[in-house]
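Along the sequence shown, the residues carry numbers beginning at 1. Since we're looking at a predicted model, the values are computed, not measured.
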Amino acid sequence: MSPISEASVRVGGIVSATHAVQTTDADAQKSEVIILPQLEWRSPFGIDLTAIARIRADGQNRLEPGEPDQAAISSWSRRAFLGPHVEAELREFYIEAYPFGTYLKLGKQQIVWGQTDGLKVLDRVNPQRYREFILEEFESSRIPLWAAKWEFSMNKDWNGQLILLPDQTYHEVPAAGAAYAPTSPELAVTRSDRPVTGYTLEKPDRVLADADWGLQLSSRVRGWDLTLNYLYHYADTPVIRRFEQESGVHVHGSYERTHTFGGSASNAFGDFTLRAEMGYTTNRYIQAPAAVEKDGVIRGGELTYAAGVDWMGLSDTLVSVQLIQSWFDRDGMPAARNTMETDATLLVERTFLNEVLTFRNQLIQDIDTGDGLLSVELAYDYLANFELRIEANLFYGSQYGRFGQFDARDHLLVGFGYGF
């Protein structure tokens with residue numbers, strides 16, 4: 001990117017509306033209208049400004065009943081609720097500058113590392129809002145953070161990206177009673193036979209001392225696009241510890257520091273593109289029976305890696321296959337997850353009528369438990385800035401699985417989007 005010679009201002013945005021009905025009971029799951037106003041100011045002085053807001057109104061209020069407490073969100077990044085059905089949020093607000101031939105981006109933004117489909121390996125910089133589990137596109141479900149990103153060239157072969165994130169905002173998970181509140185033992189706190197006497201959440205609050213930071217190096221070597229990544233951060237999921245007391249169980253949540261090391265590689269060979277990502281997290285906590293650990297958690301390292309193949313041998317068609325595995329070092333102790341977890345994904349996308357009509361089919365399969373998610377979407381670009389779409393999302397498997405827990409949340413969605 002480079003500065004322009006004349007000032008310009010653009011005001012635009014997107015208006016979209018969707019209505020989703022659960023196939024199990026024909027109840028409406030959401031009826032929402034979203035407005036995304038956007039302002040872009042491009043100056044001749046090498047400093048540009050972008051601002052994006054989001055106003056969302058949902059007539060059903062089943063995804064986040066009432067008003068969320070936003071305990072995991074910093075006061076800088078919280079949404080404003082106008083009653084239980086309407087929210088307003090500053091999605092992005094940043095300036096871009098080009099000092100000494102480098103690129104600097106300051107403000108509220110999304111920083112994307114990694115490009116796996118459906119599931120994440122390296123995309124851990126921004127936390128995620130799980131109001132619809134993983135059904136929302138990542139661009140919409142990521143929570144933008146106040147951050148600084150500096151991109152620079154190290155030499156003719158390697159480029160660098162240094163990031164600093166003083167925004168103490170973490171994953172936002174729906175509370176009990178919401179449509180996609182987690183119930184799987186792997187994702188939800190294991191219930192105790194004894195009464196819960198209290199719950200406390202300890203959250204970092206020092207702007208610089210508790211800031212996350214990371215470094216990414218990228219290069220192209222013999223046709224391979226390579227990255228090396230390091231992120232020093234607080235894990236976005238709190239560690240939930242249970243403490244036995246005479247009157248019951250006290251539950252305490254806290255966010256723990258960790259290091260994530262990783263990298264990615266991709267290369268095209270004719271109609272095929274090979275992709276790989278890997279990330280190792282040093283301090284990861286999972287739930288365990290109280291008989292194993294008194295506070296109910298086990299600490300260990302986690303290695304996650306993905307290998308993918310994209311094929312574009314047919315005109316207007318993409319077929320993508322991925323294998324994603326996660327290994328947790330639990331030293332043989334009983335826990336809420338297996339030592340090794342394996343997921344596979346299949347994406348088939350084809351366009352028709354000169355890219356006016358798009359068919360997209362994605363399957364995410366948990367190989368170990370047999371549960372998964374099938375998403376089918378048909379989108380029609382009626383005009384250059386007007387899109388109609390219909391989508392079906394089908395969960396299946398055991399009620400204890402990551403995907404099967406939402407078997408009763410299968411839905412059919414219709415909607416449109418208009419850009420202005």
Side-chain angles (χ1 to χ4, degrees), residues 10-22 27-40 50-94 107-110 112 123 126-146 167 169-182 236 375 377 379 385-393 406 409-420:
R10 179 185 177 274
V11 178
I14 299 173
V15 176
S16 63
T18 55
H19 181 73
V21 177
Q22 292 183 175
D27 285 346
Q29 190 177 99
K30 68 175 181 178
S31 300
E32 68 179 20
V33 175
I34 296 177
I35 303 175
L36 289 167
Q38 180 172 335
L39 169 67
E40 296 179 355
T50 298
I52 303 173
R54 178 166 67 189
I55 302 170
R56 174 160 47 197
D58 185 354
Q60 302 301 323
N61 194 29
R62 297 186 63 185
L63 299 177
E64 296 177 291
E67 298 181 15
D69 61 16
Q70 302 191 82
I73 312 299
S74 73
S75 58
W76 312 355
S77 297
R78 290 179 178 172
R79 295 171 283 171
F81 285 87
L82 310 176
H85 296 279
V86 181
E87 67 177 63
E89 178 184 15
L90 180 63
R91 288 292 293 170
E92 300 189 36
F93 187 88
Y94 56 83
K108 195 174 188 183
Q109 57 186 288
Q110 297 188 34
V112 181
D123 190 4
N126 287 80
Q128 188 170 345
R129 182 171 292 125
Y130 289 96
R131 68 191 297 270
E132 293 186 74
F133 189 43
I134 61 171
L135 298 181
E136 276 190 293
E137 295 181 359
F138 286 155
E139 185 177 2
S140 178
S141 64
R142 280 193 206 97
I143 303 175
L145 300 178
W146 295 95
D167 189 338
T169 290
Y170 307 101
H171 286 328
E172 193 169 36
V173 179
Y180 290 99
D236 288 319
S375 297
E377 179 182 351
N385 59 346
F386 187 81
E387 180 188 77
L388 300 170
R389 68 187 180 102
I390 182 170
E391 177 182 331
N393 292 290
F406 298 122
R409 298 292 181 259
D410 299 344
H411 70 233
L412 183 67
L413 179 149
V414 293
F416 73 86
Y418 174 74
F420 59 91

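Summarising the geometry, atom CG belonging to Leu135 is positioned 12.0 Å from atom CZ belonging to Arg409; distances are rounded to the nearest 0.5 Å. To the nearest 0.5 Å, atom CD of residue Glu92 and atom CG of residue Leu39 are 13.0 Å apart. Between the CH2 atom in Trp76 and the OG1 atom in Thr169 there is a gap of 9.0 Å [rounded to 0.5 Å]. Here the straight-line distance linking atom CD of Glu32 with atom OG1 of Thr18 works out to 4.0 Å at 0.5 Å rounding. A distance of 5.0 Å separates CZ of Arg91 from CD of Glu89, quoted to the nearest 0.5 Å.
Between Asp58 and His85, every side-chain heavy-atom pair lies at or beyond the 4.5 Å cut-off. Residues Asn126 and Ile143 fail the side-chain proximity criterion, which asks for heavy atoms closer than 4.5 Å. Side-chain contact check for Leu145 versus Pro127: some heavy-atom pair is nearer than 4.5 Å. Looking only at side-chain heavy atoms (C-beta outward), Phe420 and Val15 come within less than 4.5 Å of each other. With a 4.5 Å cut-off on side-chain heavy atoms, Ile390 and Leu412 count as touching. Residues Pro182 and Val173 are in side-chain contact: their nearest non-hydrogen atoms beyond the backbone lie under 4.5 Å apart. Side-chain contact between Glu64 and Glu87: present, with at least one pair of heavy atoms (C-beta onward) separated by less than 4.5 Å. Within the 4.5 Å cutoff, the side chain of Phe81 has heavy atoms near those of the Gln70 side chain.
With hydrogens and angles left out, the side-chain atoms of Gln110 and Arg142 include a donor and acceptor closer than 3.5 Å. Side-chain N/O atoms of Arg129 and Ser140 include no donor and acceptor closer than 3.5 Å. Gln29 and His411 are linked by a side-chain donor-acceptor pair at a separation below 3.5 angstrom, with hydrogens and angles left out of the test. Side-chain atoms of Glu391 and Asn393 form a donor-acceptor pair, as typed in the model, at a separation below 3.5 Å. Remark: the Ser31 side chain and the Gln60 side chain contain an N/O donor-acceptor pair separated by less than 3.5 Å.
In terms of the ring-ring contact (aromatic ring centres under 6.0 Å, His included) criterion, residue partners of Tyr170 (sequence neighbours excluded) are, by chain and number, Tyr255.
Between Arg79 and Glu172 there is a salt bridge, with a side-chain nitrogen of the basic residue lying less than 4.0 Å from a carboxylate oxygen of the acidic one. Between Lys108 and Asp167, no side-chain nitrogen of the basic residue sits less than 4.0 Å from a carboxylate oxygen of the acidic one, so the salt-bridge criterion is not met. Of the charged side-chain nitrogens involved, none lies within less than 4.0 Å of a carboxylate oxygen, so that Glu132 and Arg62 do not count as a salt-bridged pair.
Here the shortest heavy-atom pairing between Ile35 and Pro37 reads O-CD, 3.3 Å. When all heavy atoms of Glu67 and Pro84 are compared, the pair lying nearest together is OE2-N, 4.0 Å. Considering every non-hydrogen atom in both Ala181 and Ala176, the closest pair reads CB-CA, 4.1 Å. Taking both residues in full, the closest heavy atoms of Ala179 and Leu63 are given as CB-CD2, 4.1 Å, listed atom of the first, atom of the second, then distance.
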Exercise for the section: Start with the C-alpha gap between Ser16 and Tyr418, add the side-chain angles, then the distance that decides, and say whether side chain to side chain contact (heavy atoms under 4.5 Å, CB included) holds. Expected result: CA-CA 6 Å; Ser16 63; Tyr418 174 74; over 6 Å; no

Practice task
Report the C-alpha distance between Thr50 and Gln109 in whole Å, list the side-chain angles of each, state the deciding distance to 0.1 Å, and finish with yes or no for side chain to side chain contact (heavy atoms under 4.5 Å, CB included).
Solution key: CA-CA 10 Å; Thr50 298; Gln109 57 186 288; over 6 Å; no

Practice task
Begin from the C-alpha positions of Phe416 and Arg389 and carry the test side chain to side chain contact (heavy atoms under 4.5 Å, CB included) through to its verdict.
Solution key: CA-CA 6 Å; Phe416 73 86; Arg389 68 187 180 102; over 6 Å; no

Practice task
Let me see the working for Ile34 and Arg54 under side chain to side chain contact (heavy atoms under 4.5 Å, CB included), right down to the final yes or no.
Solution key: CA-CA 7 Å; Ile34 296 177; Arg54 178 166 67 189; 3.8 Å; yes

Practice task
Verify salt bridge (Lys or Arg N to Asp or Glu O under 4.0 Å) between Glu136 and Arg56, making sure each step is shown before the conclusion.
Solution key: CA-CA 14 Å; Glu136 276 190 293; Arg56 174 160 47 197; 3.6 Å; yes

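In this structure a side-chain-to-backbone donor-acceptor pair under 3.5 Å is present from His171 to Gln128. For the pair His19 (side chain) and Val414 (backbone), a donor-acceptor distance under 3.5 Å is absent.
Crowding of Phe93 atom CZ: a count of heavy atoms from other residues, nucleotides or ligands under 6.0 Å not exceeding 12.
Between Phe133 and Tyr130, the ring planes lie tilted relative to each other; the angle falls in the 30° to 60° range.
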